[in-house]
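Only one structure is covered here, and it is reproduced in the block below.
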Amino acid sequence: MNDRRKLLLLAALVAMAVFAVGDRLWSGFYEQPLADAEAAQARLTKKLTEAKRDLKQLRKRSLQLEKLRKISLPSDITVARTLYQGWLTDLVEQVQLASRQIDSNPPRAGSGYSVLPFSVRGTGTLEQLTALLFEFYRSPHLHQVRTLTLTPMSGSRQL
């Protein structure tokens, strides 16, 4: 009986050793590589999502940049100044301001763009001024009125 008990204990020990070795092999060759692969997949999926988001933002910014480029003046300051001054002259003539004077001031550099300041002076009615401002802001240019000074002329409807 003692030999049988030894054999039984030896069989149990071998079974436990086989189970321990099998568990270690299962964990090392299947579970751990699977967990590593799943973690790598999660990292790559996150990177892909971020890259898609960045690409979408870049496309959106590219479209915005293209829209801005269409309404911007040429990058050559001299050409841009000449074209814009011509456009302002046409606008002032269109609304028929009297004593008109258009002056170009020195350009100022911005971050990725240049500011071309102009001064427009003239005499006209409130209706002419309204028409001038309407046409000014209706145009597709990237521009704005920074200062507007109105001085009424005594004894007339002129400004």
Side-chain angles (χ1 to χ4, degrees), residues 20-159:
V21 168
D23 184 53
R24 176 71 67 166
L25 289 173
W26 177 262
S27 175
F29 288 108
Y30 179 73
E31 288 179 343
Q32 189 60 44
L34 180 63
D36 292 345
E38 287 173 345
Q41 180 183 10
R43 282 191 310 273
L44 291 173
T45 302
K46 182 180 177 184
K47 278 181 140 180
L48 180 63
T49 302
E50 290 171 354
K52 285 181 179 179
R53 185 192 70 231
D54 292 346
L55 183 61
K56 186 177 179 180
Q57 286 178 345
L58 286 173
R59 284 184 179 147
K60 184 178 177 182
R61 288 181 181 164
S62 175
L63 290 174
Q64 289 173 339
L65 186 60
E66 188 57 35
K67 286 179 184 178
L68 291 174
R69 190 173 285 127
K70 286 180 182 178
I71 61 175
S72 295
L73 292 168
S75 58
D76 183 341
I77 299 294
T78 306
V79 173
R81 183 184 288 173
T82 302
L83 287 172
Y84 193 70
Q85 189 163 4
W87 179 81
L88 278 174
T89 302
D90 291 344
L91 179 60
V92 169
E93 287 175 1
Q94 178 184 338
V95 297
Q96 300 174 348
L97 287 184
S99 304
R100 49 188 168 252
Q101 179 183 352
I102 300 173
D103 297 320
S104 175
N105 299 314
R108 294 187 313 260
S111 178
Y113 62 92
S114 295
V115 177
L116 302 176
F118 282 86
S119 298
V120 177
R121 289 181 177 80
T123 304
T125 63
L126 184 59
E127 290 79 14
Q128 288 171 311
L129 175 64
T130 304
L132 176 82
L133 290 174
F134 176 78
E135 292 300 327
F136 182 86
Y137 281 112
R138 191 175 91 156
S139 73
H141 299 301
L142 287 174
H143 59 186
Q144 66 181 351
V145 173
R146 290 206 161 252
T147 305
L148 177 65
T149 305
L150 299 175
T151 307
M153 297 177 76
S154 61
S156 77
R157 294 184 54 214
Q158 299 287 311
L159 302 171

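Position 1 is the first residue of the sequence, and the numbers go up from there.
- The backbone N or O of Q85 lies less than 3.5 Å from a partner atom in the side chain of T89, making a donor-acceptor pair.
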Check against side-chain contact (heavy atoms from CB on, under 4.5 Å), L132 and Q128: CA-CA 6 Å; L132 176 82; Q128 288 171 311; over 6 Å; no
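- For P107 against P117, the heavy-atom pair with the smallest separation is CA-CD, 4.0 Å.
- More than 12 heavy atoms of other shown residues, nucleotides or ligands fall within 6.0 angstrom of atom CZ in R53.
- Residue L73 comes nearest to Y84 through the heavy atom pair CD1-CB, 3.8 Å, listed as atom of the first residue, atom of the second, then distance.
- Counting all heavy atoms, side chain and backbone alike, P74 lies closest to L83 at CG-CD1, 3.7 Å.
- Side-chain contact between L133 and L148: present, with at least one pair of heavy atoms (C-beta onward) separated by less than 4.5 Å.
- Inter-residue side-chain proximity for Q158 and T125 is flagged as met; some heavy-atom pair is nearer than 4.5 Å.
- Open room surrounds CD on Q96; 12 or fewer heavy atoms of other groups in view lie less than 6.0 Å from it.
- Not less than 6.0 angstrom separates the ring centroid of F118 from the ring centroid of H143.
- Taking all atoms of both residues into account, the shortest heavy-atom contact from E135 to L91 is CB-CD1, 3.2 Å.
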Between Q32 and D36, is a side-chain hydrogen bond (donor to acceptor under 3.5 Å, both in side chains) present by the stated rule, with each step listed? CA-CA 6 Å; Q32 189 60 44; D36 292 345; 2.9 Å; yes
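- You'll find the side chain of K67 stays beyond 4.5 Å of the side chain of I71, heavy atoms only.
- At least one side-chain heavy atom of L55 sits under 4.5 Å from a side-chain heavy atom of R59.
- One finds the CG atom of L34 at 15.0 Å from the CZ atom of F29 (value rounded to the nearest 0.5 Å).
- In this structure, the separation between CZ on R69 and CG on L142 is 12.0 Å, given to the nearest 0.5 Å.
- Taking the side chain as every heavy atom from C-beta outward, Q94 and D90 never approach each other to under 4.5 Å.
- Ionic pairing of E50 and K47 is not present here: no N-O contact between side-chain nitrogen and carboxylate oxygen is shorter than 4.0 angstrom.
- By the 4.5 Å heavy-atom criterion applied to side chains, Q57 and D54 are counted as neighbours.
- When every heavy atom of T123 is checked against every heavy atom of M153, the shortest pair comes out as CG2-SD, 3.5 Å.
- In this structure, NZ in K60 is found 12.0 Å from CG in L58, a value given to the nearest 0.5 Å.
- Around the CD atom of E66, the shell of radius 6.0 Å holds more than 12 heavy atoms that belong to other residues, nucleotides or ligands.
- Note that CG of L116 and CD1 of I77 are 5.0 Å apart. Values are rounded to the nearest 0.5 Å.
- For the pair W87 and S139, the minimum side-chain heavy-atom distance is below 4.5 Å.
- For the residue pair R81 and P106, the shortest heavy atom distance occurs at NH2-CA, 4.0 Å.
- The distance from the CG atom of L68 to the CG atom of L63 is 11.0 Å, given to the nearest 0.5 Å.
- The distance from the CD atom of E127 to the CG atom of L159 is 9.0 Å, given to the nearest 0.5 Å.
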